[in-house]
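Note that ligands are numbered from 1 as they come in the structure, with each ligand's atoms numbered from 1 the same way.
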Amino acid sequence: MKIGILTSGGDCPGLNAVIRAIVRKCDQLGFEAIGIKQGWQGIMEEAYVSMNLNSVAGIINRGGTILGTSRFSPFQIEKGEEKLKHKIAKEQFDAIIMIGGEGSMHIAQQAHQIGINVVGVPKTIDNDINGTDYTFGFDTAVGIATEAIDRLHTTAESHHRVMILEVMGRHAGWIALYSGIAGGADVVVIPEKETKINEIVKVIKNRYERGKLFSIIVVAEGATFVEEELSELKKKSGIKDKLDDFGRVRLGGISHLLAEELEDRTGFDTRATILGYIQRGGVPSAFDRVLGTRFGVYSVEMVKEKKFGRMCAIRSNKIIDIPITEAISKLKTVDLEIYKVAEVFFK
Ligand code: F6P
């Protein structure tokens, strides 16, 4: 079998572990592995690279993706569907293994519907793909965000400041919640739960009254405050909604608005830090390397068994596969039972 491998969407730690595992499993089964550069765009441009044991040597610990990635969708260009089918037939791919997040899974499903043999591997630091307990990249991002909270603690304590850390996650608060619990945050603000700014003010003041002259607030980039307050904040800042290449709203910056507002309402020195792409870069954690490797090996088995239009997933530590339609049917947002655990510490 001839298998094309592509990475699509934002990069994340663990992608190279998946690519390595796919190539090694193909080698074991006698399949041909072809790397496709820059996501779906690589098929359009016929940007292919033959993969063998040497091309994936020494990459399990490397961040990013050796194949490159993009947020390109063949279905958004003129005659894209026709072109895609033609290119796949021309190269005689028997299957495509697509490693991507929620946006990319929609493309994989569209490709499947026009008869392309696609298998999906879920990736994202956001951990928001439905049907899988975890995506690789998440554990690394949580580790980085937790370290950032630890570092902010020392400055917060020394200067008696309120420190806000803004983390990624789009419309899901997983990174904020996990790093907030691990880093001992005093409040965690997530998109799944509307928060009143005055609730945060109350926690900061309570802490002050019992002698804690600093506070750590973790805020997810997609956090929502009670509508009126948020729109007021946005109006003040002049922030406009920009779109990414998938047409989704680009997030980031809410922490600066919140910092101003908290400083006004509490009178305490407040600073915001946006962790940004630091969360997505660099060395993957051991957990993400193992998960990526398990997904990679399993995805080749899926191709062998012709399980197309499906995505591998992990549930209760077992690797399984589910229809891509299930994965894209909704976002996997935060389990509010876990949020309740974090809330115990908002005092
Ligand atoms: O989906 C991963 C992610 O890192 C989100 O957490 C973030 O909102 C988004 O991608 C940023 O993507 P980019 O700036 O690369 O378009």
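- For ligand 1, the polar-atom distance check against I125 finds no nitrogen or oxygen pair separated by under 3.5 Å.
- A heavy-atom separation below 4.0 Å is not found between G101 and ligand 1.
- Close N/O approach between R280 and ligand 1 is found [any backbone or side-chain N/O within under 3.5 Å].
- Protein heavy atom at the shortest distance from atom 13 (P) of ligand 1 is R71 NH1, 3.3 Å.
- For ligand 1, the atoms lying closer than 4.0 Å to a non-hydrogen atom of G169 are 6 (O).
- Counting only residues at least two apart or on different chains, the salt bridge (Lys or Arg N to Asp or Glu O under 4.0 Å) pairs with a member in residues 206-216 are D186-R207.
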Does the ring pair (Phe, Tyr, Trp, His ring centres under 6.0 Å) test come out yes or no for H159 and F214, once each step is laid out?
CA-CA 8 Å; H159 286 263; F214 69 95; over 10 Å; no

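- For D269 and R271, the salt-bridge test passes: some basic side-chain N is under 4.0 Å from an acidic carboxylate O.
- The shortest contact between atom 8 (O) of ligand 1 and any protein heavy atom is with E221 OE2, 2.5 Å.
- Between K340 and E337 there is a salt bridge, since at least one side-chain N of the basic residue sits less than 4.0 Å from a carboxylate O of the acidic one.
- Counting only distance, with no hydrogens or angles, the side chain of S285 and the backbone of D288 share a donor-acceptor pair below 3.5 Å.
- Of all protein heavy atoms, the one closest to atom 1 (O) of ligand 1 is D126 OD2, 2.7 Å.
- Looking only at protein heavy atoms, the nearest one to atom 14 (O) of ligand 1 is Y277 OH, 2.3 Å.
- Contact between R250 and ligand 1 is absent, with no heavy atom of the residue lying under 4.0 Å from the ligand.
- Listed by first and then second residue, the ring pair (Phe, Tyr, Trp, His ring centres under 6.0 Å) pairs that reach into residues 101-141 are Y134-F287, F138-Y178, sequence neighbours excluded.
- Taking the charged nitrogens against the carboxylate oxygens, E343 and K193 do have a contact shorter than 4.0 Å, which makes a salt bridge.
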